[in-house]
2 protein chains.
Amino acid sequence: MLTEKHKELIEKIGVYFELAMPPAAARILALLIVSDQDSLVFEDIRSSLNLSKSATSNGINALLDSKRIEYYTKMGDRKRYFKWNPTSTINHFRSEIEKILGLNTLFENTIQLKRDKESYNTKMLGELSDLMHFLYQETSTVYEQWKENKQQKVY
Amino acid sequence: MLTEKHKELIEKIGVYFELAMPPAAARILALLIVSDQDSLVFEDIRSSLNLSKSATSNGINALLDSKRIEYYTKMGDRKRYFKWNPTSTINHFRSEIEKILGLNTLFENTIQLKRDKESYNTKMLGELSDLMHFLYQETSTVYEQWKENKQQKVY
DNA sequence: CTTTTGGTTCTGCAAAATTAGAACTAAAAG
DNA sequence: CTTTTAGTTCTAATTTTGCAGAACCAAAAG
């Protein structure tokens, strides 16, 4: 059962996730993060969020595909127990940054195509591309740095 | 006039921008980035992209509002000369990272609400929140670091 | 072999987003 | 003062999304 506070948080977190996925999937993910139970089955999710079976099924499968949730099973029980995959959220940040590199390639192609290599726009494209590479370098090691940092604090 | 290569790049870059804005606006921004002319007027944009006047007007104004493009004028000429604002793209990255902080606040609220503070999910939420703060710290200075780095290279 | 459980898949609909087209407007030109 | 230019705004059509409901299916239970 969800308290009002839980529901409120699910909606607010859901709104964030809606930037990258449909509303129903966003709510499902938020529910699995906020819930006090460590895992929920199909029907728990459906009834908690008042969704149809199809919306629940499609939402769950999209989240499974993108690895943002996972499930385990119990012997002699056909149900799947869904849970949030916190590691995927970390990886998600990384893949967001990888997207930047894709755009960067297109920017570099654009520079190639520019007639006037000395124009303000062309130069700025070059600088941006440079900055984006720098950002990528810096952030690609953030996770490792953070893990080290943490170890130092603990021990 | 746009060559086939230009058109291809506009479409590809447009697809990236479509993640965050409507198709017409995305194409307009891509056009202003790719174009060999340093600025374009309303009618240039409209005809290059085969857009209606309303789509052109709405797209341009949305981009102006979000500061992703700007315009200048010429004396005795009522037309506006639109150009890409490269700095806004840099700021855009920064505001993306700021969004993370908003989500983080909600994650911290979630931890408060958790019945079992020692559960895997609760602990992972704490770690994620910690990591996101760390990421924010690191990236908030990336631009300054990069500028310094660049200066060292040049002089 | 019939029923129940735990889903998936297939329409179809409703809402939201996006665009085109036409009417409109304000400033400048003729 | 009529026309042209450089757009804006309104309305309506079109497309895209997302969801519900119902039909469907396979495995297990009765």
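Order of the sequence lines fixes the chain letters, A, B, ..., with proteins taken first and strands second; residue numbering starts at 1 for each chain. Predicted model only: the values in this text are computed from it and were never measured.
Residue A:N61 contributes atom CG, which lies 7 Å from atom P of C:dT9 at whole-angstrom precision. For the pair B:D44 CG and D:dG7 C1', the computed distance is 14 Å after rounding to whole Å. Following rounding to the nearest Å, A:I60 (CD1) and C:dG7 (C1') show an atom-to-atom distance of 9 Å. B:N58 has its CG atom 9 Å from the P atom of C:dT19, to the nearest Å. One can place CG of A:L51 at 14 Å from C1' of D:dG21, the figure rounded to the nearest angstrom. In this structure, B:Y81 places its OH atom 8 Å from P of D:dA6, rounding to the nearest Å. If you measure from atom CD of A:E18 to atom P of D:dT17, you get 15 Å, rounded to the nearest angstrom. Taking atom NZ of A:K74 as the reference point, atom P of D:dA27 lies 23 Å away to the nearest angstrom.
Defined by atom type and a distance below 3.5 Å, a donor-acceptor pair is present between the side-chain atoms of A:T3 and A:H6.
Counting atom types as modelled, B:S57 pairs no side-chain N or O with a base atom of D:dG7 as donor and acceptor under 3.5 Å. Between the side chain of A:T56 and the base of C:dG7, no donor-acceptor pair of N or O atoms lies under 3.5 Å. Evaluation of atom-type donor-acceptor distances gives a pair under 3.5 Å for the side chain of B:R78 against the base of C:dA27.
Considering CG of B:D44 and CG of B:L49, their distance stands at 10.5 Å, rounded to 0.5 Å. Going from atom CD1 of B:I97 over to atom CD of B:E138 covers 11.0 Å, rounded to the nearest 0.5 Å. Here the CG-CG distance, from A:L135 to A:D130, works out to 11.5 Å after rounding to the nearest 0.5 Å.
In this structure, of D:dC19, C:dA20, C:dG7, it is C:dA20 that holds the atom nearest to the side chain of B:S52. Looking at the side chain of B:A55, the nearest of the listed nucleotides D:dG21, C:dA20, D:dG7 is C:dA20. The B:R80 side chain lies nearest to D:dG7 when the options are D:dG7, D:dC19, C:dT8. For B:S54, whose side chain is taken as the heavy atoms from C-beta onward, the closest listed nucleotide among C:dG7, D:dC10, D:dG7 is D:dC10.
Across all strands shown, A:K79 has heavy atoms under 4.0 Å from sugar-phosphate atoms exclusively, and none from any base. When heavy atoms are screened at a 4.0 angstrom cut-off, B:N50 is found touching the sugar-phosphate backbone but no base atom.
A salt bridge does not link B:E8 with B:K5: every distance from a Lys NZ or Arg NE/NH1/NH2 to an Asp or Glu carboxylate oxygen is 4.0 Å or more.
Where A:K53 and A:M21 meet DNA chain D, the nucleotide closest to each residue was compared, and A:M21 sits on the side nearer the 5' end.
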